[in-house]
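Within every chain, numbering begins at 1; the chains are lettered A, B, ... in the order of the sequence lines, protein sequences first and strands thereafter.
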Protein chains: 2
Amino acid sequence: MSHHPEIRHDPDSPKRQAVIAAAGELFIAQGYGAVSMDAVARAAGVSKATLYAHFASKDRLFATIIKEACRQKVAAIDLLAEPCDDLAAALTALGQQMLRFLLDAKPLAIQRVVMAECVRFPELGRAFYENGPEVFRRTFGAWLAVQAGAGRLAVPDPVIAADQFLGMLRATGIFLRASLGLPPAPADADIDATVAAAVRTFLRAYAVE
Amino acid sequence: MSHHPEIRHDPDSPKRQAVIAAAGELFIAQGYGAVSMDAVARAAGVSKATLYAHFASKDRLFATIIKEACRQKVAAIDLLAEPCDDLAAALTALGQQMLRFLLDAKPLAIQRVVMAECVRFPELGRAFYENGPEVFRRTFGAWLAVQAGAGRLAVPDPVIAADQFLGMLRATGIFLRASLGLPPAPADADIDATVAAAVRTFLRAYAVE
DNA sequence: GTCTATAGAAGGATAGAC
DNA sequence: GTCTATCCTTCTATAGAC
């Protein structure tokens, strides 16, 4: 025993952690093709041989790193656990937290990398979707169903309604612009206006008067 | 004269056209990093030297090709020129054509490549945004303003309303899934249902009763 | 303009010492 | 496990003949 052909390492090894941290920053910022294993080794302060002792190949290092990055949680989801007496206020708070998260540099960069490489690494598309957007729309949809049960909303299909609200947050003028890296960065006022408009449209369509 | 340091070529040269066609397919399908100049030359049936006689570098070839690909027009925009007596029908037709375009393999692939490379090639982000989404939201917003003027809609801000309708079309469950390459491919019924729901929510919020 | 052939650099991955 | 040093492949780009 103790002679596996696979790689087995202490996951808390400091060098390994350094590699993970360095590779995370580089891959998320620059993507797969633009980052060399030399660059990762240099940034992590280890040799390439050490790098390869922990990760069998560039592919596997990349996939491991990005899959882990996809597990980033949206703080907005916590708002859905709180009791709700004011629907408009709750949707506004949720929308603002959600949109600010989506516009943050790191989630934007992760989305770019995953979209770019999901053809060659289908597991990344799945990991991103299932850990992020899918979790949120389900949770949000369930919350909308509860509000409907309480007589505050009339939603034929809560998950569709959730998609619509989230879709309105990802507006072309603010979210797509940011996704494409176009200046200027969205101002707070723009974010608030987008959220307010989404809440208004959503409630006009779904609120029980 | 006739001795410019820059490259000047017959833009209709058959070899040049072959390079453009081959590079377009490869770059759009696989992205910048995954495509070598050897692969482009082979696919185009020319030598690398010929390739470099027409395009100074891989960067310039890539940027030229992708910028041109961003000029693809949305057929849906033509619908906005037709006279309109049934708002719901017009929005449904527009939405279906738009969403089917967005879900098509080539626009999805172009979007992936542009998002992936917009950090290193900011011009691509601009070209994509200004030729595609921005044109459409402006045109659609102007159309909504006309409908408002005709007393059919009450839209405080037509461009925001346009963004909202388009955002609801790009729903997580159908558009983001497709953007990430997740199976199964969207069925016609899913597309129609998404559009119908968007039209319904939009009119509930904005229609003059 | 177009080719063949190749220079020159960079990248992924590994051998062997410790 | 970690390093240094290196192998081999692939890549971008060009020289030189036609």
Practice problem: Under the side chain to side chain contact (heavy atoms under 4.5 Å, CB included) rule, collect the residues that match up with B:E130, sequence neighbours excluded. | Solution: B:R126
Please report, rounded to the nearest Å, how far the [atom2] atom of [N] is from the [atom1] atom of [X].
| X | N | atom1 | atom2 | answer |
| --- | --- | --- | --- | --- |
| A:D59 | C:dG11 | CG | C1' | 13 Å |
| A:F55 | C:dG12 | CZ | P | 15 Å |
| A:F62 | C:dG12 | CZ | P | 13 Å |
| A:H54 | C:dG12 | NE2 | C1' | 18 Å |
| B:R60 | D:dT12 | CZ | P | 17 Å |

Quiz item: If you pin A:K58 and B:P14 to their nearest nucleotides in DNA chain C, which one's is more 5'?
Solution: B:P14
Quiz item: Nearest of C:dA15, C:dC3, D:dT2 to any side-chain atom of A:A49?
Solution: C:dA15
Quiz item: What nucleotide, of C:dT2, C:dT4, D:dC3, holds the atom closest to the side chain of A:V46?
Solution: D:dC3
Quiz item: So, do A:I20 and A:F55 sit near enough that their side-chain heavy atoms are less than 4.5 Å apart?
Solution: yes
Exercise. Report yes if the side chains of A:Y129 and A:V114 come closer than 4.5 Å at any heavy-atom pair, otherwise no.
Key: no
Practice problem: If the plane angle is over 60° it's perpendicular, under 30° parallel, otherwise tilted; pick one for A:F121 and A:Y32. | Solution: tilted
Quiz item: Among residues 36-45 of chain B, which contact DNA chain D at a heavy-atom distance under 4.0 Å?
Solution: B:S36, B:M37, B:D38
Quiz item: So, is B:T50 close to the C:dT2 phosphate, meaning a side-chain N or O under 4.0 Å from OP1 or OP2?
Solution: no
Quiz item: Does a side-chain N or O from B:Y52 land closer than 4.0 Å to OP1 or OP2 of D:dT14, or not?
Solution: no
Exercise. Name all residues meeting the side chain to side chain donor-acceptor pair (under 3.5 Å) criterion together with B:R100; count only those two or more places apart in sequence or in a different chain, and write none if there are none.
Key: B:D188, B:D192
Quiz item: Are side-chain N/O atoms of B:T201 and A:Y206 paired as donor and acceptor at under 3.5 Å?
Solution: yes
Quiz item: Has B:E25 got more than 12 heavy atoms of other residues, nucleotides or ligands less than 6.0 Å from its CD?
Solution: no
Quiz item: So what does A:K48 hit on the nucleic acid, given a heavy-atom distance under 4.0 Å: a base, only sugar-phosphate, or nothing?
Solution: base
